[in-house]
Amino acid sequence: MAPVTDRPAPALDGLDAVLFDLDGVLTPTAVVHMHAWARLFTPVLAARGAAPYTDADYFAHIDGKPRYDGVATLLASRGIDLPWGDPTDSPDAETVCGLGNRKNAVFTQVLETEGVTPYPGSVRLVDALIADGRKVAVVSSSRNAVPVLAAAGLTDRFAVVVDGLVAAERGIPGKPAPDTYLDAARQLGVPHDRAVVVEDAESGVASGRAGAFGLVVGVDRGAGADVLLEQGADLVVDDLAELVTTPDDTESTLP
């Protein structure tokens, strides 16, 4: 756990809970996801004579969204219309759900073979929040949140996890709607205006703003600070260690 000298930065004063996105915020699994999406869409788009897939497509059409919505949005950007299908579709099926399941199979294989190491600055902030008596939760569009948390050694820190599986089972709209974040705040017993949303994705930042949370923090892992601010972030950091301070205030760059 974090040293007892670590405290949440003053920017978080008066806020009782912090709701973290997972991929790209707590863990660098966004990189694994990006590789998996590229491996999925490169041949799919080439077979249809569409413009090649790029990393910019990930940030513009996929990042932060439920998996099948990301597939549908990317396909729509190329004018490709496929049947939606069903979540039980085979990964070989030429449907939105089939393609989503194909991507997930690639991601799962990489996670199992390589594991994932959380961002040190993010773990430091989580531990400082817990030590300070603040509540924390994970809110992720991914259906892999639980195994990712386990692989990263973070399971014991989060009693509340609202991920893509929970959202689907309970019929909760995904990001950019604010509902998954609002649900996590309710489970923690904290009013939304006293909770913080921490996101690296455009759609996630937009969901935090739509939910009128007390603070929306953008983490710039590639989307761009200007973009995150335009989507509604109150402040943007490059690393969550910027939201941790020590008694001499030498390790926090924020007020």
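Throughout, numbering of the chain's residues begins at 1 and tracks the sequence.
Rounded to the nearest 0.5 angstrom, His35 NE2 and Tyr58 OH are separated by 11.0 Å. If you take CG on Leu82 and CZ on Arg48, they are separated by 5.0 Å, rounding to the nearest 0.5 Å. Leu74 contributes atom CG, which lies 6.0 Å from atom NE2 of His61 (distance to the nearest 0.5 angstrom). Note that CG of Asp163 is 7.0 Å distant from OG of Ser142, once rounded to the nearest 0.5 Å. Within the model, atoms CG of Leu235 and CD of Glu242 stand 9.0 Å from one another, a figure rounded to the nearest 0.5 Å. Here the OH-CG distance, from Tyr68 to Asp86, works out to 8.0 Å after rounding to the nearest 0.5 Å.
Sorted by first then second residue, the ring pair (Phe, Tyr, Trp, His ring centres under 6.0 Å) pairs that include residues 105-148, not counting sequence neighbours, are His33-Phe107. For residues 215-240, the salt bridge (Lys or Arg N to Asp or Glu O under 4.0 Å) pairs, not counting sequence neighbours, are Arg209-Asp234. Annotation: side chain to side chain donor-acceptor pair (under 3.5 Å) contacts involving residues 189-198, sequence neighbours excluded, comprise Asp16-Arg194.
The hydrophobic clustering, which links ILVMFWY residues whose side-chain heavy atoms are closer than 4.5 Å, places Phe59 and Leu229 apart. Under a hydrophobic-cluster definition in which Ile, Leu, Val, Met, Phe, Trp and Tyr are linked whenever side-chain heavy atoms come within less than 4.5 Å, directly or via other members, Leu165 and Ile172 are assigned to different clusters. Tracing side-chain contacts under 4.5 Å through hydrophobic residues (I, L, V, M, F, W, Y), one reaches Val166 starting from Val197; they form part of the same cluster. Residues Val18 and Val161 are members of one and the same hydrophobic cluster, defined by side-chain heavy-atom contacts under 4.5 angstrom among Ile, Leu, Val, Met, Phe, Trp and Tyr. When the side chains of ILVMFWY residues are joined at heavy-atom separations under 4.5 Å, either directly or via intervening members, Met34 and Val32 end up in two distinct hydrophobic clusters.
Side chain to side chain, Thr95 and Asp89 meet the donor-acceptor criterion of an N or O pair below 3.5 Å. Side-chain N/O atoms of Asn104 and Asn144 include a donor and acceptor closer than 3.5 Å.
Here the side chains of Leu111 and Val148 are in contact, with some heavy-atom distance below 4.5 Å. Put simply, the side chain of Val139 reaches to within 4.5 Å of the side chain of Lys175, judged on heavy atoms. Looking only at side-chain heavy atoms (C-beta outward), Arg78 and Leu45 come within less than 4.5 Å of each other. Inter-residue side-chain proximity for Val71 and Trp37 is flagged as met; some heavy-atom pair is nearer than 4.5 Å. Between Arg157 and Ile130, some side-chain heavy-atom pair lies under the 4.5 Å cut-off. Side-chain contact between Pro28 and Val116 is present, with heavy atoms from C-beta onward closer than 4.5 Å. In this structure, the side chains of Phe213 and Leu19 come closer than 4.5 Å at one or more pairs of heavy atoms. Two residues are said to be in side-chain contact when any heavy atoms from C-beta on lie closer than 4.5 Å; Val216 and Val196 fail this criterion.
In this structure, Arg102 contributes its side chain and Pro91 its backbone to a donor-acceptor pair below 3.5 Å. When atom types are taken as modelled, the side chain of Ser140 and the backbone of Leu22 share no donor-acceptor pair closer than 3.5 angstrom. Side-chain atoms of Thr42 never come within 3.5 Å of backbone atoms of Pro52 as a donor-acceptor pair (strictly under, hydrogens ignored).
When every heavy atom of Asp200 is checked against every heavy atom of Leu228, the shortest pair comes out as O-CD2, 3.7 Å. Here the closest heavy-atom approach between residue Ala17 and residue Leu188 is recorded as CB-CD1, 3.9 Å. Of all the heavy atoms in Ile80 and Ala50, the pair that sits closest is CD1-CB, 4.2 Å. Considering all non-hydrogen atoms of both residues, Ala128 and Pro8 come closest at O-CD, 3.8 Å. Residues Pro118 and Leu154 come closest through the heavy atom pair CB-CD1, 4.0 Å. In terms of heavy-atom proximity, Pro173 sits nearest to Thr180 at O-CG2, 3.6 Å.
Under a 4.0 Å N-O distance rule, the pair Asp179/Arg186 does not qualify as a salt bridge. Between Arg143 and Glu169 there is no salt bridge, since no side-chain nitrogen of the basic residue lies less than 4.0 Å from a carboxylate oxygen of the acidic one.
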Could you go through the side-chain contact (heavy atoms from CB on, under 4.5 Å) check for Val138 and Asp21 one step at a time? CA-CA 6 Å; Val138 168; Asp21 178 42; over 6 Å; no
Apply the test side-chain contact (heavy atoms from CB on, under 4.5 Å) to residues Asp57 and Ile62: give CA-CA distance (whole Å), side-chain angles for both, the deciding distance (0.1 Å), then the verdict. CA-CA 7 Å; Asp57 286 314; Ile62 295 170; 5.6 Å; no
Audit row: Asp6, Arg124, side-chain contact (heavy atoms from CB on, under 4.5 Å) steps and yes/no: CA-CA 8 Å; Asp6 279 350; Arg124 189 176 167 207; 2.8 Å; yes
Quick one, Val106 with Leu40, criterion side-chain contact (heavy atoms from CB on, under 4.5 Å). Give me CA distance, side-chain angles, the key distance, then yes/no. CA-CA 8 Å; Val106 174; Leu40 169 71; over 6 Å; no
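The aromatic rings of Phe158 and Phe20 stand perpendicular to each other, their planes meeting at an angle above 60°, with 30° marking the opposite boundary.
The side-chain contact (heavy atoms from CB on, under 4.5 Å) test with Arg7 is passed by exactly one of Leu12, Asp132, Thr246: Asp132.
Residue Asp81 places its CG atom among 12 or fewer non-hydrogen atoms of other residues, nucleotides or ligands, all under 6.0 Å distant.
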